[in-house]
Number of protein chains: 2
Amino acid sequence: MRKGKTRSPGRSSVVTLSDVAALAGVSISAVSRTFTSGASAGKETRRRVLAAAQQLGYRPNAIARTLSTRKSRIIAVVVSYLENQFYPSVLEALSQLLQARGYHVLLFIRNESTSKDSETDTFLLEMLQYQVDGIVLASTMMSSELAAHCQESGIPVVLFNRTSKMNQVSSVASDNIEGGRLAARLLLRKGARRIAFIAGLEDSSTSQEREQGLLAELNDNGVQLFGRRVGEYSLEAASRAARGLFDVAPSKRPDAVFVANDHMAFAVLDVLRIELQLQIPEDVQVVAFDNAPQSGWGGYQLTTIEQNVKAMTEATVSILLEQISSEVPTPACHIVTPVTTVLRRTTKS
Amino acid sequence: MRKGKTRSPGRSSVVTLSDVAALAGVSISAVSRTFTSGASAGKETRRRVLAAAQQLGYRPNAIARTLSTRKSRIIAVVVSYLENQFYPSVLEALSQLLQARGYHVLLFIRNESTSKDSETDTFLLEMLQYQVDGIVLASTMMSSELAAHCQESGIPVVLFNRTSKMNQVSSVASDNIEGGRLAARLLLRKGARRIAFIAGLEDSSTSQEREQGLLAELNDNGVQLFGRRVGEYSLEAASRAARGLFDVAPSKRPDAVFVANDHMAFAVLDVLRIELQLQIPEDVQVVAFDNAPQSGWGGYQLTTIEQNVKAMTEATVSILLEQISSEVPTPACHIVTPVTTVLRRTTKS
DNA sequence: GTGAAAGCGCTAACAG
DNA sequence: CTGTTAGCGCTTTCAC
């Protein structure tokens with residue numbers, strides 16, 4: 001191991017507290033204090049320290065600070081995949097907010113297709129090892145088990161865009177039930193009567209709630225669900241689902257579909273329009289969920305139920321920071337953000 | 001500050017090396033060694049340590065380890081925005097590779113629109129403070145200056161999908177010039193003679209090279225560039241560029257456009273088809289660059305020059321890890337990955 | 001307000 | 001192979 005004053009040249013970051021202290025002719029605690037907001041800083045001392053620090057190009061070592069304070073100012077965010085543009089949007093918003101408050105994002109992408117269950121543990125371990133101050137689980141496919149694990153390790157967790165059976169852990173999600181109802185109401189109002197649903201993953205709370213809302217509203221209006229398939233949140237499965245529903249005799253076809261998210265809806269629209277030569281919205285109307293960026297693009301013009309990314313991400317960081325700063329374990333809280341329907345060309349005007 | 005053995009309950013991560021050592025009845029170094037690969041581990045000792053660690057739920061503290069070893073196993077990756085799906089793809093691939101090798105991704109999103117120049121420094125500072133082992137700059141819009149800064153701080157940097165005037169810093173990028181030539185050749189072969197170009201950001205090396213290749217090939221075939229606009233890598237500017245080029249008398253219209261990336265091309269296609277009611281590829285052919293995921297979707301079916309994300313990301317991590325592990329400063333290296341044209345429906349068959 | 005000193009949890013000589 | 005020990009760079013009592 002290197003000895004005290006030996007410096008490997010070229011590494012500017014090896015300027016330490018004591019170097020600055022030496023140059024400024026004060027103690028290291030003095031230096032530490034001037035770099036710690038809200039500490040008893042001597043006026044003249046501060047000036048000299050700042051000068052010395054400036055001259056030396058001193059940068060506080062966040063790692064050392066973390067070791068000492070047990071606060072890393074790092075938030076782990078885990079997502080399952082970035083293919084669905086909704087998630088990059090979220091990631092961007094989240095990162096922005098966190099950065100503005102002096103936190104940093106340690107990104108974990110848990111690609112479902114290439115990862116086994118055991119990896120879940122690996123992930124968790126790694127997050128814990130890095131002493132992250134908080135975790136946001138923005139992964140619809142993440143097991144509730146993992147959430148529980150995190151929770152019990154004592155570090156704040158918030159479930160993003162999903163909820164958990166156990167109310168122990170905080171969550172932020174859209175009003176998916178209401179969203180499902182909005183979709184149903186819209187479709188009904190536009191004259192649809194043979195309404196089908198394409199689910200995401202069966203065990204995703206998000207998909208379940210959206211379906212639940214759909215069914216409730218349909219039921220309230222005395223109409224039955226016409227068909228149902230599972231799209232697993234993937235392009236391929238969604239395409240298959242669409243074929244299953246629509247590649248049949250016209251008399252057996254739905255006249256509308258509610259797709260659990262925009263991402264799947266793009267695939268659905270492609271098979272409907274291109275493979276099956278169906279007219280949208282004349283032959284079939286479709287409404288989905290999220291309002292991902294591409295939904296508004298000319299190629300799709302998808303009518304959808306919008307999730308309020310801004311509200312969701314803001315709630316997420318505020319809960320997280322709240323829990324982080326609070327000494328006592330804060331009770332879990334569950335935020336439900338409102339949704340709105342945005343009308344485009346996949347429903348009749 | 002908390003005293004030695006005092007534990008705040010509920011925080012399982014406070015189990016330390018010495019706790020394990022005590023339970024196992026060995027020294028802390030023994031414990032440390034069994035958790036350090038390639039260390040002289042006593043067979044029986046190891047067994048007992050592992051048992052004790054297991055029982056206590058011990059997790060090595062990566063922060064402490066970092067402080068001691070000066071290796072954080074964290075790589076900073078900075079991107080400018082995630083709206084262009086090419087970047088989420090890259091991020092996912094990068095994260096995958098890095099994770100597999102025991103590294104982690106600290107994500108920085110430098111949203112151009114909301115950030116001032118001074119923030120560049122802030123970013124850099126933060127990365128340095130966290131003692132990141134390496135940096136990948138996957139941001140076309142990032143100033144070369146920042147790259148230089150990083151470089152001089154002694155930590156390995158690789159420019160992703162861009163190059164720098166100064167050859168000091170490593171880079172990984174596609175063969176953009178060849179890509180531009182491929183686009184030109186394709187368009188020429190498909191009968192286009194009035195070929196226009198929509199650039200990204202003027203000072204982006206990537207856009208410059210693509211244009212350069214286009215011009216070179218055009219020139220070799222004795223044809224002049226028919227028109228040129230700047231799309232700034234944004235949907236809005238690209239739409240404007242498309243209007244500028246095509247919202248004119250038919251006699252003055254290009255019969256093909258090469259767009260500097262797919263992201264802009266989507267906007268271009270939308271104005272061409274929807275606003276201007278032009279037939280693609282009959283009235284105008286378009287080819288772009290990247291082969292972003294959506295390019296293959298039914299709504300666009302965009303002919304494009306594909307960047308090999310796999311090759312690019314693999315090269316990136318291999319350079320990075322190489323430089324990290326090498327004691328002496330490794331000379332900068334510049335990887336150029338091959339591109340291929342993928343034919344779809346925006347060019348004639 | 002300021003300095004001395006004791007850690008934070010782990011690693012890496014070094015001597016046995 | 002094992003234990004002892006001296007740090008890594010910073011924060012935070014605790015006296016002065």
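Sequence lines set the chain letters: A, B, ... in the order given, protein chains first and strands last, and positions in each chain run from 1.
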Can you pull the salt bridge (Lys or Arg N to Asp or Glu O under 4.0 Å) pairs that have at least one residue in residues 312-323 of chain B, sequence neighbours excluded?
Lys310(B)-Glu314(B)
Taking five pairs at each end, how big is the angle between the two axes of the helix from dG1(C)-dC16(D) to dG16(C)-dC1(D), to 10°?
40°
Would you call Ile135(B) and Val77(B) a side-chain contact if the rule is heavy atoms closer than 4.5 Å?
no
With a 3.5 Å distance limit and no angle check, can you tell me whether Arg73(A) reaches the backbone of Ala62(A) through a side-chain donor-acceptor pair?
no
Side chain [X] and base [N] donor-acceptor under 3.5 Å:
X        : N       : result
Ser68(B) : dA12(C) : no
Arg33(A) : dG3(C)  : yes
Thr45(A) : dG1(C)  : no

Using a heavy-atom cut-off of under 4.0 Å over every strand shown, decide if Val26(B) touches base, sugar-phosphate, or nothing.
sugar-phosphate
Whether Tyr58(B) contacts dC10(C) is assessed here as follows: a side-chain N or O lying under 4.0 Å from the phosphate OP1 or OP2. Is that the case?
yes
From [options], nucleotide with atom closest to [X] side chain:
X        : options                 : result
Ser29(B) : dG9(D), dA4(C), dA12(C) : dA12(C)
Thr69(B) : dA12(C), dG3(D), dG9(C) : dA12(C)
Leu67(B) : dG9(D), dT11(C), dT2(C) : dG9(D)

Of all residues at least two apart in sequence or in a different chain, which pass the ring-ring contact (aromatic ring centres under 6.0 Å, His included) check with Tyr130(A)?
His104(B)
